[in-house]
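Along the sequence shown, residues carry numbers from 1. Remember, it's a predicted structure, so these values are computed and weren't measured experimentally. Atom set for the values below is all heavy atoms of this structure, side chains included, hydrogens, waters and symmetry mates excluded.
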Amino acid sequence: MLSVRRRAVLIVPILALWFMAIGCHSQATPPPPQAANPPHSGAVAEQLRAIAAGGSIADQRWPNFTDYRQDVQRLYEATNYAPVWVRDGRATPQALAVIAALESSQQKGLNAEDYDASRWPLRLKALQTTPADANAVAHFDAALTVGAMRYISDLHVGRVNPKHFKFGIDVEQKKYDLPQFMAQKLLVASDVAQVLNEVEPPYYGYQRTEAALQAYLALAAQDHSVPLPEVQKTVAPGGAYAGVDGLVQRLHLLGDLPQSAVVNTNPGIYDGALVDAVKRFQTRHGLGADGRLGKETLRQLNTPVSFRVRQLEDALERWRWLPADFSPLPVAVNIPEFVLRVFSSDHRVAMRMNVVVGKAVRNETPVFAKDMKYIVFRPYWNVPFSITRGEIIPALAKDSTYLARKNFEVTDQSGRIVTSGAVSADVLAQLRSGKLLVRQRPGPANSLGLVKFMFPNEHNVYLHSTPSQQLFSQSRRDFSHGCIRVEKPAELAAWLLQDQPKWTLDNVRAAMQSGPDNQQVNLIKPVPVVIIYLTAVVEEDGEVYFFDDIYGHDRSLNAVLAKGPPYP
């Protein structure tokens, strides 16, 4: 038997080699602290090894975890396949805290059954009843590892990769090394809840949306209202409406009609405070706030609160796709809201304006993120071939002077002008074949207006002004061919150029009105532009707004989520 002194002599070099290995291989997953091995440790390790290699746990709601198999294997390889959540036959404090988070994951906009929320009480009971059962220990430990990895990843980068929907947003760079994260932070945490909170996006908009979700989950549990009666003719303020009592109940529930509001007691009369409440509701649901009860307003009023819950959940999913931090902060366009926001350094909204986006179905504005690099004052509009073919060529076939009347000109591929007057049959043929191009000369009537904001991308989409200012007053604003028209272009340009003293708001306006044509001004530092798609938005004052799923992106996302993990 070795003496204590001799054992120490042998152990010290081994520990030195181990610390050297950690220093040389900093990416290796450090093993979590281990307790003395119980008598059944070999059997547990054997089962954990088999589960990890197989990528499946039969008693999970979603057994297949092949998308996390390598992460699970790496975590357990670092412990020689000893359990990480069980000590001396009992769940660790960290395990109990993680289970509590999984069970309440609906509050985060996630599907609790993706993490076996309803199955943990029985698993804990089985572990307590038979703490020496190697099968119970191994399955408990593996299931919690998979659940925790799914939960952390889902909270941090979202459940579905946006690339699946052909969105130009990259989440790969922000993904965690899950085995390392769990070993270094979660499994040794004294405050598991704090570790998990730090996984979530840091944005105020995300935090407000999460708070709104919790409020709407409570509202959904109270929502027992029956559908309001439809109308054949729009009901104006002061008119008769058979569903007044139900309308009062509905608006009380949603918070648009204060409980203290005095409502006309005359049966079936729609007026007074009830009209004001409907206007508030209309504003919050992307409708014109005219106070009239038409078909669209009643459709929105009859939408179940559970549907609003789903919209908030979808919004949280898309918030998680965004980079963990922006520097500088971005320009963000929310497509279904038809609104652009510019954020200041404290993550507050510095500027807000209406926008016009691409028409639904045929000219949808894509979802993506790119850096804005320059601005062009008094730009040419280089007409996309799809528009030339679909609109300009048919117009020229009827009227050869169309180009001149609309201030267009035909150029070759190098930009040399071919004609700005009547179009011959030969030129028309070359336009049809794509050999010649069409562009619109700068000026107030130019379709791009007097300034465009360029963030080069494969979609050829950008921000620009427009001569059609009347469109910004519409409640629904999907009228463009895909590019985004902005309501306050001069103010946006001045904000983007604020680090260049020459470009005051007055000088920006002068460049737009009378400066040189096609004048390019480069930004000193590129600014991220994010085109997002949120049908639920919570403003800084806590007011919750909902918008129609104009492109069907919510519907597509929910169809994928309904299939359960592993998600694409």
Side-chain angles (χ1 to χ4, degrees), residues 166-169 326 328-343 351-359 362-388 391 408 411 415 437-469 471-472 477-497 503 508 511-512 515 517-533 551:
K166 299 181 180 179
F167 293 168
I169 296 176
F326 284 107
L329 291 171
V331 172
V333 175
N334 185 22
I335 293 171
E337 185 184 10
F338 314 112
V339 164
L340 177 149
R341 292 177 177 82
V342 177
F343 292 90
M351 188 183 304
R352 184 186 191 278
M353 67 187 71
N354 291 338
V355 297
V356 171
V357 301
K359 299 173 187 175
R362 302 186 67 178
N363 295 291
E364 297 178 1
T365 297
V367 175
F368 68 101
K370 287 289 183 181
D371 286 344
M372 186 183 296
K373 297 184 177 179
Y374 62 94
I375 297 171
V376 179
F377 294 110
R378 300 182 65 83
Y380 284 97
W381 178 38
N382 298 306
V383 182
F385 181 66
S386 59
I387 298 177
T388 298
E391 299 179 20
F408 286 106
T411 72
L437 307 175
V438 176
R439 71 183 184 188
Q440 190 175 29
R441 290 192 291 269
N446 185 286
S447 294
L448 302 186
L450 295 170
V451 60
K452 66 177 180 180
F453 306 84
M454 300 303 293
F455 39 103
N457 59 84
E458 65 273 27
H459 310 288
N460 197 27
V461 164
Y462 42 87
L463 308 177
H464 64 87
S465 59
T466 176
S468 304
Q469 288 290 309
L471 296 179
F472 293 115
R477 296 185 290 276
D478 55 324
F479 302 115
S480 83
H481 287 91
C483 285
I484 300 160
R485 307 173 193 173
V486 297
E487 183 182 25
K488 303 173 184 177
E491 290 85 347
L492 179 58
W495 187 90
L496 291 165
L497 297 172
W503 291 107
V508 164
M512 291 170 61
D517 289 344
N518 220 45
Q519 179 185 7
Q520 178 173 320
V521 180
N522 295 331
L523 303 186
I524 291 176
K525 189 174 184 180
V527 173
V529 176
V530 183
I531 314 299
I532 55 177
Y533 192 93
Y551 293 171

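- Of all heavy-atom pairs spanning Pro366 and His459, the tightest one is CG-CG, 3.5 Å.
- The line from NZ of Lys359 to CD of Glu364 is 13.0 Å long, rounded to the nearest 0.5 Å.
- A donor-acceptor contact shorter than 3.5 Å is absent between the side chain of Arg485 and the backbone of Ser465.
- Checked by atom type and distance alone, the side chain of Gln519 never pairs as donor or acceptor with a backbone atom of Ala511 at under 3.5 Å.
- Residues Leu523 and Lys373 form no side-chain contact, since every pair of their non-hydrogen atoms from C-beta on lies 4.5 Å or further apart.
- Residue Asn354 comes nearest to Glu487 through the heavy atom pair N-OE1, 3.0 Å, listed as atom of the first residue, atom of the second, then distance.
- One N or O on the side chain of Tyr533 and one on the backbone of Tyr551 form a donor-acceptor pair closer than 3.5 Å.
- In this structure, the salt bridge (charged side-chain N to carboxylate O under 4.0 Å, His left out) partners of Glu491, at least two apart in sequence or on a different chain, are Arg509.
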Step-by-step side chain to side chain contact (heavy atoms under 4.5 Å, CB included) determination, Val508 to Phe377: CA-CA 8 Å; Val508 164; Phe377 294 110; 3.9 Å; yes
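- Between His464 and Pro379 the shortest side-chain heavy-atom distance does not fall below 4.5 Å.
- In this structure, the separation between CG on Leu492 and CG on Leu340 is 6.0 Å, given to the nearest 0.5 Å.
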Residue pair His481, Glu391: steps toward the side chain to side chain contact (heavy atoms under 4.5 Å, CB included) verdict: CA-CA 12 Å; His481 287 91; Glu391 299 179 20; 2.6 Å; yes
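- Nearest approach of Tyr380 to Asn518, heavy atoms of both residues: N-OD1, 3.2 Å.
- Residues Leu496 and Trp503 have side chains not in contact (no heavy-atom distance under 4.5 Å, counting atoms from C-beta outward).
- To the nearest 0.5 Å, atoms CG (Asn457) and CG (Asp371) are separated by 11.5 Å.
- With Thr466 contributing its side chain and Leu448 its backbone, the two residues share no donor-acceptor pair below 3.5 Å.
- Note that CD1 of Ile375 and CZ of Phe453 are 5.5 Å apart. Values are rounded to the nearest 0.5 Å.
- Nearest approach of Pro467 to Asn446, heavy atoms of both residues: CD-O, 3.2 Å.
- A donor-acceptor pair under 3.5 Å links the side-chain atoms of Arg477 to the main chain of Val355, judged by distance alone.
- Applying the ring-ring contact (aromatic ring centres under 6.0 Å, His included) test to Trp381 and every residue at least two apart in sequence or in another chain returns nothing.
- For the pair Val521 and Leu497, the minimum side-chain heavy-atom distance is below 4.5 Å.
- A donor-acceptor pair under 3.5 Å links the side-chain atoms of Ser480 to the main chain of Val357, judged by distance alone.
- Asn382 has its side chain out of reach of Leu437: every pair of non-hydrogen atoms, C-beta onward, lies at least 4.5 Å apart.
- Among all heavy-atom pairs drawn from Asp478 and Gly358, the shortest one is CB-O, 3.3 Å.
- Using a 4.5 Å heavy-atom threshold, the side chains of Met372 and Leu463 count as touching.
- Note that CD1 of Ile531 and CZ of Phe368 are 5.0 Å apart. Values are rounded to the nearest 0.5 Å.
- Counting only heavy atoms from C-beta outward, the side chains of Phe338 and Phe479 never approach each other to under 4.5 Å.
- Annotation: side chain of Val342 is not in contact with side chain of Val527 (no heavy-atom distance under 4.5 Å).
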